[in-house]
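Only one structure is covered here, and it is reproduced in the block below.
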Amino acid sequence: MIDQLLEFVSRHPLLVGAFVAVGAAFMAYEARRSAAGGVSSGEATAMVNREDGVIVDLREKSEFRKAHIPGSRNIPNDRLDDRMQELDEHKDKPIIVVCKMGQQSGAAVEKLRKAGFTRAVRLKGGISQWQADDLPTARR
């Protein structure tokens, strides 16, 4: 099997080089994206406790009712533009944006930053990571 791999690499160096370059670029992009503006569950807890941070949950109301971070506000992602003014009094405080897995929250953080919420960050891993870290959730 190794012989076949080496033969393929020697016969198709451009194809293998392109594959390696695309793979490296993808890994660099994902590493930068995951590190950009994200906070861990512990960091989010500290921001709430020490700096009076606000947690905004982007999930739909039905998902929010099943389990959410205590004290968080539910503003569904598709309603964020319409309801952003509800957060105006917290512009100088950290805004921690939460979604299910931490993937939708990046775009919401960008919207909030453009609107003047300079301390907006996303929760890495979303509510799934929060629960995996065995932190408390509430139901409504």
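Residues: numbered from 1 along the sequence shown. The figures that follow rest on heavy atoms only: side chains count, while hydrogens, waters and symmetry mates do not.
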Margin query: Can a side-chain donor-acceptor contact be found between D133 and S41 if the only test is distance below 3.5 angstrom?
Written below: yes

Check: Are there more than 12 heavy atoms of other residues, nucleotides or ligands under 6.0 Å from atom NZ of K91?
Finding: yes

Notebook entry, point to check: Quick one: CD on Q104 to CG on N77, what's the gap to the nearest 0.5 Å?
Noted result: 5.0 Å

Next item on the list: Heavy atoms only: give me the nearest A108-L80 pair and the separation to one decimal.
Entry: CB-CD2, 3.7 Å

Item checked: Inter-residue atom distance R50.CZ - T45.OG1, 0.5 Å rounding -> 10.0 Å

Next item on the list: Check whether any side-chain heavy atom of V98 sits under 4.5 Å from a side-chain heavy atom of I55, and report yes or no.
Entry: yes

Next item on the list: Can you tell me which residue pairs pass the salt bridge (Lys or Arg N to Asp or Glu O under 4.0 Å) test with a partner in residues 69-80, sequence neighbours excluded?
Entry: none

Next item on the list: Check whether any side-chain heavy atom of T137 sits under 4.5 Å from a side-chain heavy atom of K66, and report yes or no.
Entry: no

Item checked: L123 side chain near V97 side chain, heavy-atom distance below 4.5 Å -> no

Notebook entry, point to check: Would a distance-only check, ignoring hydrogens and angles, find a side-chain to backbone donor-acceptor pair under 3.5 Å from N74 to R59?
Noted result: yes

Margin query: Any non-hydrogen side-chain atom of V16 less than 4.5 Å from a side-chain atom of F8?
Written below: yes

Item checked: Separation of S105 OG from K111 NZ (nearest 0.5 Å) -> 12.5 Å

Check: Which residue pairs pass the side chain to side chain donor-acceptor pair (under 3.5 Å) test with at least one member in residues 92-102, sequence neighbours excluded?
Finding: D52-K93

Notebook entry, point to check: Who pairs with E60 by salt bridge (charged side-chain N to carboxylate O under 4.0 Å, His left out), at least two apart in sequence or on another chain?
Noted result: none

Notebook entry, point to check: Any side-chain heavy atom of T118 within less than 4.5 Å of one from R113?
Noted result: no

Item checked: Close side-chain approach of I127 and F64, heavy atoms under 4.5 Å -> no

Check: Rounded to the nearest 0.5 Å, what separation is found between the NE2 atom of H90 and the CG atom of L112?
Finding: 12.5 Å

Checklist line | With R11 via salt bridge (charged side-chain N to carboxylate O under 4.0 Å, His left out) - residues at least two apart | finding: E7

Item checked: Flag if over 12 foreign heavy atoms under 6.0 Å of CD, E43 -> yes

Item checked: Point-to-point distance, once rounded to the nearest 0.5 Å, from CD1 of I95 to CG of L87 -> 5.0 Å

Notebook entry, point to check: Just wondering, do M101 and S128 contact through their side chains at under 4.5 Å, heavy atoms?
Noted result: yes

Note to self: Counting only heavy atoms not in Q4 (residues, nucleotides, ligands), do more than 12 fall under 6.0 Å from its CD?
What the structure shows: no

Check: Got a sec, which residues hit salt bridge (charged side-chain N to carboxylate O under 4.0 Å, His left out) with K61, two or more places apart in sequence or on another chain?
Finding: none

Check: Looking at residues at least two apart in the chain, or sitting in another chain, which of them share a side chain to side chain donor-acceptor pair (under 3.5 Å) with E51?
Finding: R119

Notebook entry, point to check: Could E86 and R83 be called an ion pair, given the rule that one side-chain N must be under 4.0 Å from one carboxylate O?
Noted result: yes

Notebook entry, point to check: Are V20 and L15 connected in the hydrophobic side-chain network, where two residues link if heavy atoms are under 4.5 Å apart?
Noted result: yes

Next item on the list: Spell out, as yes or no, whether a donor-acceptor pair under 3.5 Å connects the side chain of S10 to the backbone of L6.
Entry: yes

Next item on the list: Rounded to the nearest 0.5 Å, what's the gap from CD on E110 to CZ on R122? Could you check?
Entry: 10.5 Å

